[in-house]
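Comments concern the structure below.
Proteins get letters first, then strands, A, B, ... in listed order; numbering begins at 1 in each.
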2 protein chains.
Amino acid sequence: MPELLRWHARLGGAGVRATRKRVLVLEALLAEARPITARQVHAELLQRGEPIGLTTVYRAMSSLVDAGLVHAFNQDGEATYRVCGPARHHHLICRACGLVLEQAAERRPDGFEVEAVYGVCAACVRPALSEQDFDAPRDQPGRPRKRNAGADERD
Amino acid sequence: MPELLRWHARLGGAGVRATRKRVLVLEALLAEARPITARQVHAELLQRGEPIGLTTVYRAMSSLVDAGLVHAFNQDGEATYRVCGPARHHHLICRACGLVLEQAAERRPDGFEVEAVYGVCAACVRPALSEQDFDAPRDQPGRPRKRNAGADERD
DNA sequence: TTACAGCTTGACAATGGTTTTCGTTTTCTA
DNA sequence: TAGAAAACGAAAACCATTGTCAAGCTGTAA
Ligand SMILES: [Zn+2]
Ligand SMILES: [Zn+2]
Ligand SMILES: [Zn+2]
Ligand SMILES: [Zn+2]
């Protein structure tokens, strides 16, 4: 299982021990294509029969972020986490479906160094015809919107 | 005082009454070049001898955002507000000094529609030499950093 | 193996920004 | 001058996140 060993190596290289709980959290993140919250990870692990405290999930997230394996985002006012590649990059974050795309590091002509771009991805922009969710992008289930999903852009 | 009347007109046009408290909040925002929090507005108005409740400040912000006069951001995990121009635009938001720049509406070649770009502005990128705050950009005092100003990008 | 130091875990409490609640006050209109 | 609707504000509720602290685990040196 060289896959798991690689993660252990990347954790150890950052001075973070690959404890059982941290690996569980990492596995839960690896199973998701788009970022999820600490609460979601917590619920999934409990459902898998792996007892873990929510506090521990938060701390594991912090460790994984420190180790550079995971990046954190802010979606609808709460923190979400996703496993990212090792190359330096920034992100495109769709506020409609939650999808995150990695982009090559970029410094704009005006000198502004981009770290995160929030907006609406191509798949979610297209069907801007309907107010409801019918005809939503098929391959992207979309995350449930929360309170405060109004006209502002507080991501 | 045609200035004030213009604001009244823009508020009324959006179905938002220009009440005394709302105008006070708007004035407080107009005095600031970069976004500020509801708590800051609240404190400034109290200092000016204008009694107002924090709840009312929050609701005034919501109304002003609905009316399109004010845009909301998320800086260091809390909401900040700034008066914006009427043209459709998105924002460059510096996480170091809090500056917000309006940018012409933009859709990337890949179809992603940009709404907010978080990163570090040119003035703040340059002096990346010192860890401390000495030699910080002079013309931009910079806002005090808060908890969680770590490696992640949770804006 | 044992002992010890230090890291990890998790139940619980605390924090802090924001929203709800609800009774009072103000504003608009007839 | 009413009466209705909107706005106001103090206090409580909300909720994601962090702090606390006692118990458990891990690695290492004796
Ligand atoms: Zn990433
Ligand atoms: Zn999308
Ligand atoms: Zn704006
Ligand atoms: Zn800056």
Using atom [atom1] of [X] as one end and atom [atom2] of [N] as the other, report the distance to the nearest whole Å.
| X | N | atom1 | atom2 | value |
| --- | --- | --- | --- | --- |
| A:L54 | D:dA16 | CG | C1' | 9 Å |
| A:D66 | C:dC7 | CG | P | 15 Å |
| B:Q75 | C:dT18 | CD | P | 12 Å |
| A:I52 | C:dT9 | CD1 | P | 7 Å |
| A:L64 | C:dT8 | CG | C1' | 14 Å |
| A:Q40 | D:dC15 | CD | C1' | 15 Å |
| B:E78 | D:dC15 | CD | C1' | 16 Å |
| A:M61 | D:dT18 | CE | C1' | 15 Å |

Base of [N], side chain of [X] - is there a donor-acceptor contact under 3.5 Å?
| X | N | answer |
| --- | --- | --- |
| B:T55 | D:dA11 | yes |
| B:R39 | C:dG16 | no |
| A:R59 | C:dG10 | yes |

Indicate the ring-plane relationship of A:H71 and A:H89, choosing parallel, tilted or perpendicular according to the 30° and 60° boundaries.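 If you compare the ring of A:H71 with that of A:H89, the planes turn out tilted.
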When you measure from the side-chain N and O atoms of B:Y58 to the phosphate of C:dT19, is any distance below 4.0 Å, counting only OP1 and OP2?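 Answer is no, no contact under 4.0 Å.
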Is any side-chain heavy atom of A:E113 less than 4.5 Å from a side-chain heavy atom of B:C124?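 Of all side-chain heavy-atom pairs linking B:C124 with A:E113, none is under 4.5 Å.
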Side chains of A:T80 and A:N74: closer than 4.5 Å at any heavy-atom pair?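 No, every pair of side-chain atoms sits at 4.5 Å or beyond.
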Donor-acceptor pair between A:Q75 and A:R34 side chains, under 3.5 angstrom: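 Distance-only check fails for A:Q75 and A:R34.
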Between A:E78 and A:T37, does any side-chain donor sit less than 3.5 Å from a side-chain acceptor?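 Not at all, the side chains of A:E78 and A:T37 share no donor-acceptor pair under 3.5 Å.
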Taking B:P51's backbone N and O only, do any of them form a donor-acceptor pair with B:K21's side chain (distance below 3.5 Å, no angle check)?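 Yes; judged by distance alone, with no hydrogens or angles, the pair exists.
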Ring centres under 6.0 Å, that's the criterion: do A:Y118 and B:Y118 meet it?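 Yes, close enough.
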Starting from the C-alpha separation in whole Å, work towards a yes-or-no answer on side-chain contact (heavy atoms from CB on, under 4.5 Å) for A:V117 and A:I93. CA-CA 6 Å; A:V117 179; A:I93 302 136; over 6 Å; no
Under-4.0 Å salt bridge between A:R82 and A:E32: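 Looking at A:E32 together with A:R82, the answer is no, because their closest N to O distance does not fall below 4.0 Å.
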Produce the list of close N/O pairs, under 3.5 Å, pairing protein atoms with atoms of nucleotides 3-7 of chain D; give distances to one decimal.
| from | atom 1 | to | atom 2 | distance (Å) |
| --- | --- | --- | --- | --- |
| D:dA7 | OP1 | B:R22 | NH2 | 2.3 |

Toward the 5' end of DNA chain C, by each residue's nearest nucleotide, B:A18 or B:A38: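 Result: B:A38.
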Short of 4.0 Å, heavy atom to strand atom, which residues of residues 42-49 of chain B count as contacting DNA chain C?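 Nucleic-acid contacts, sorted: none.
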